[in-house]
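We name chains A, B, ... by the order of the sequence lines, and we start the count at 1 in each one.
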Amino acid sequence: MIDLKRLREDPDRFKAGARDKNIDVDIEHVLRLDERRRQLMTEQEVRRAEQKKISKVVGPQIGRLKGLLKTAEGAARDALETEIRDLESRPVTLKNEIQAFEHEITQITPELDALLLEVPQPPDDDVPRGRSADDNVQIRTWHPDGFDPTRPFEANRGFAPKTHLDLIADLGLVDFQRAVGMSGARHYVLVGDGMRLHQAVLRYAFDRMTNEHGFTPMSVPVIVREECMVGTGFFPAGRDQAYHIEESRRGSGHDLFLTGTGEVGLMGLHQDEILDAETLPRRYATVSTCFRREAGAAGKDTAGLYRIHQFDKVEQVVICRADEAESRAWHAKMIGFVEDLLQSLELPYRLLQCCTGDLGPKNADMVDIECWMPGRGDLDAAGRPTGAYGETHSASRLYDFQCRRLKMRYRDEHGNNVFCHSLNNTVIASPRILIPILEIHQQADGTVTIPPALRPHMGGRERIGG
RNA sequence: GGAGAGGUGGCGGAGCGGUUGAACGCGCCGGUCUCGAAAACCGGUAUGGCCUUCGGGUCAUCGAGGGUUCGAAUCCCUCCCUCUCCGCCA
């Protein structure tokens, strides 16, 4: 959520931000509702103060008179009753006025609150303007010795590559048919070494984050309440993407949602808390199953392990002080952790600076990391894919947008409660990451060499197949 | 699933219709005392909104939302949550 005060002070910045993000929200209307609400509240408060003042004087008097009434009789009783009625009637006008204001305020507030949740965080000034992912800007590339993605796979390795779909089929790593039978399109069953590799990658990535980079290992819920989805900024904009468990329709409890990333659980954890500043920055890592409806992606990436409804992901989040420089430094560090990881897996990748149009409502800045996947991209003359980068990671910098929604604060050195900054980044998401691992490390004989870093998690084995 | 108990400030815990944003205790912060510390004593110690001449003023909040009332933490209704026991179960 954005800061309403800042919206009042500089509406043009927020209008431009929404425009740059291609998000349609009526900021003028927000300002009108806010203005009206503040007027009403001021008027109402003047009367409430008056009412309070009166009742502080009158209250004890009435109490005392009513006490006397219990024993009074005859004319004395009538006199007391008259006096009580007189005292009681004094604040009635005020009460009616207060109720009238209250009525109008309760009409405006839900509309204002709902609209406010839709105002996106403006992108940072150094984020390139652009309409869509096509306008993202490459920051840098990396590739291991012996595999240069600017040259065809065959030129690098001396044989024509199989796609991950071929490798999976030939090595018996995934059963799509039965999964689809059980759960529908975009589901899969990992089998044998497929499952082993999946687990190895997750465990390897998780251990690196927690053992080497000081992130606290966490397990968090993947089934959460709506507040958690709203608080972390995934709702209302991303409501279509989440699986919805309608428990309320069954008459028990409240509705729940399946989370699409471990970020929700890690950030939701401290909702409504004032964190001890000494404990910042908080660094958390989790491995969790992620659920995505992929609404609106019909027909896109329908084959294979690329776009699926359920996957597992190691996620890193950082909650730090509200300091832009610190926030930016963490962003760079978190991206560095991923680069180190991908380099240790010997996977070619590139960093993309996302443009404003690709940011999403909550980010001030986002950097995607894409791994080279030989089985993607345009087809050559022989009808074989020429390879392309595919998104495997996404690193977001949110300032206090998320923590403001979550009411996650810390007390600064002046004793003020300040909303924290938050950042999140994929560490590794599998099975999508299995695509480049299988495709890059495939051998001419159809086997796949396991990257040395993963071998300890694969029983010391060096290859799959053969 | 059945039966009960309960949700009050950082924590424990009073209050159950009238100056109660809330006694008391603990914790925490500041001070006195001390060479220093402990103890003792004194003072302070919620969050958010709005207004502000930046001194402060004011309103809201006792799980949430409605209602009754001149007045609600206190009474009524609905919902949510937590705990205990029994049953079932990974």
Interatomic distance, [X] [atom1] vs [N] [atom2] [rounded to whole Å]:
X	N	atom1	atom2	answer
A/Phe419	B/U47	CZ	C1'	11 Å
A/Glu102	B/U69	CD	P	16 Å
A/Asn417	B/G10	CG	P	11 Å
A/Glu226	B/C81	CD	P	14 Å
A/Ile108	B/C50	CD1	C1'	15 Å
A/Lys407	B/G49	NZ	P	10 Å
A/Ile98	B/G67	CD1	P	14 Å
A/Glu247	B/C81	CD	P	10 Å

Quick check on [N]: is either OP1 or OP2 less than 4.0 Å from any side-chain nitrogen or oxygen of [X]?
X	N	value
A/Arg8	B/C50	yes
A/Arg225	B/C81	yes
A/Lys95	B/G71	yes

[atom1] atom, [N] versus [M]: distance in rounded Å?
N	M	atom1	answer
B/U61	B/G43	C1'	27 Å
B/G27	B/A46	C1'	15 Å
B/C11	B/G63	P	13 Å
B/U20	B/C59	P	15 Å
B/U69	B/C86	C1'	43 Å
B/U52	B/C77	P	44 Å
B/A60	B/A3	C1'	39 Å
B/G56	B/U45	P	13 Å

For the pair A/Arg32 and A/His29, evaluate side-chain hydrogen bond (donor to acceptor under 3.5 Å, both in side chains) and give the outcome as yes or no after the intermediate values. CA-CA 5 Å; A/Arg32 278 196 301 275; A/His29 191 46; 3.2 Å; yes
Under 3.5 Å: donor-acceptor pair, side chain of A/Arg186, backbone of A/Gln310: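 Judged by distance alone, no pair lies under 3.5 Å.
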Would the distance check show the side chain of A/Thr286 and the main-chain N or O of A/Pro217 forming a donor-acceptor pair, the cut-off being under 3.5 Å?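 No, A/Thr286 side chain to A/Pro217 backbone: no donor-acceptor pair under 3.5 Å.
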Which residues share a side-chain hydrogen bond (donor to acceptor under 3.5 Å, both in side chains) with A/His244, sequence neighbours left out: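 Counting only residues at least two positions away or on another chain, A/His244 forms a side-chain hydrogen bond (donor to acceptor under 3.5 Å, both in side chains) with A/Asp255.
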Partner residues of A/His309 under the side-chain hydrogen bond (donor to acceptor under 3.5 Å, both in side chains) criterion, sequence neighbours left out: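 Listed in chain order: A/Tyr243.
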When A/Ser422 is tested against each of A/Gln402, A/Arg282, A/Glu263 for side chain to side chain donor-acceptor pair (under 3.5 Å), which residue passes?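 Only match with A/Ser422 under side chain to side chain donor-acceptor pair (under 3.5 Å): A/Gln402.
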Residues touching RNA chain B, which here means a heavy atom under 4.0 Å, drawn from residues 274-284 of chain A: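 Those residues whose heavy atoms fall under 4.0 Å from RNA chain B, taken from residues 274-284 of chain A in numerical order, are A/Ile274.
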For B/G55, does the O4'-C1'-N9-C4 or O4'-C1'-N1-C2 angle fall within 90° of 0, making it syn, or is it anti?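 Base orientation: syn.
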Exceeds 12 heavy-atom contacts within 6.0 angstrom, atom CG of A/Asp126: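 Atom CG in A/Asp126 is packed in, count exceeds 12.
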For nucleotides 58-63 of chain B, print each protein N/O atom paired with a nucleotide N/O atom at under 3.5 Å, atom names and distance only.
{"from": "B/A60", "atom 1": "OP2", "to": "A/Lys52", "atom 2": "NZ", "distance (Å)": "3.0"}

A/Arg196: partners by salt bridge (Lys or Arg N to Asp or Glu O under 4.0 Å), with sequence neighbours left out: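 Partners of A/Arg196 under the salt bridge (Lys or Arg N to Asp or Glu O under 4.0 Å) test: A/Asp193.
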Is it the case that A/Arg6 places NZ or CZ above or below the six-membered ring of A/Phe14, under 6.0 angstrom from the centre and within 45 degrees of the axis?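 Output no; distance or angle outside limits.
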For the pair A/Arg38 and A/Glu45, find out whether any cationic side-chain nitrogen is under 4.0 Å from an anionic carboxylate oxygen.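 No, A/Arg38 and A/Glu45 are not salt-bridged.
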Do A/Glu294 and A/Arg292 sit within salt-bridge range, that is, some charged N less than 4.0 Å from a carboxylate O?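 The answer is no: the pair does not qualify as a salt bridge.
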A/Arg463 and A/Thr447: side chain donor to acceptor below 3.5 Å: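 The answer is yes; a qualifying pair exists.
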I want to confirm an ordering. Mapping A/Arg37 and A/Thr106 to their closest nucleotides on RNA chain B, which one lands closer to the 5' end?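 Comparing both residues, the 5'-ward one is A/Arg37.
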Residue pair A/Phe257, A/Phe291: steps toward the ring-ring contact (aromatic ring centres under 6.0 Å, His included) verdict: CA-CA 9 Å; A/Phe257 296 85; A/Phe291 303 91; over 10 Å; no
Its dot-bracket string being built from Watson-Crick and G-U pairs below 3.5 Å, with | for another strand and [ ] for crossing, RNA chain B has the pattern ((((((((.[[[..)..(.....]]]((((((.......))))))((((((....)))))).[[[[[..)....]]]]])))))))....
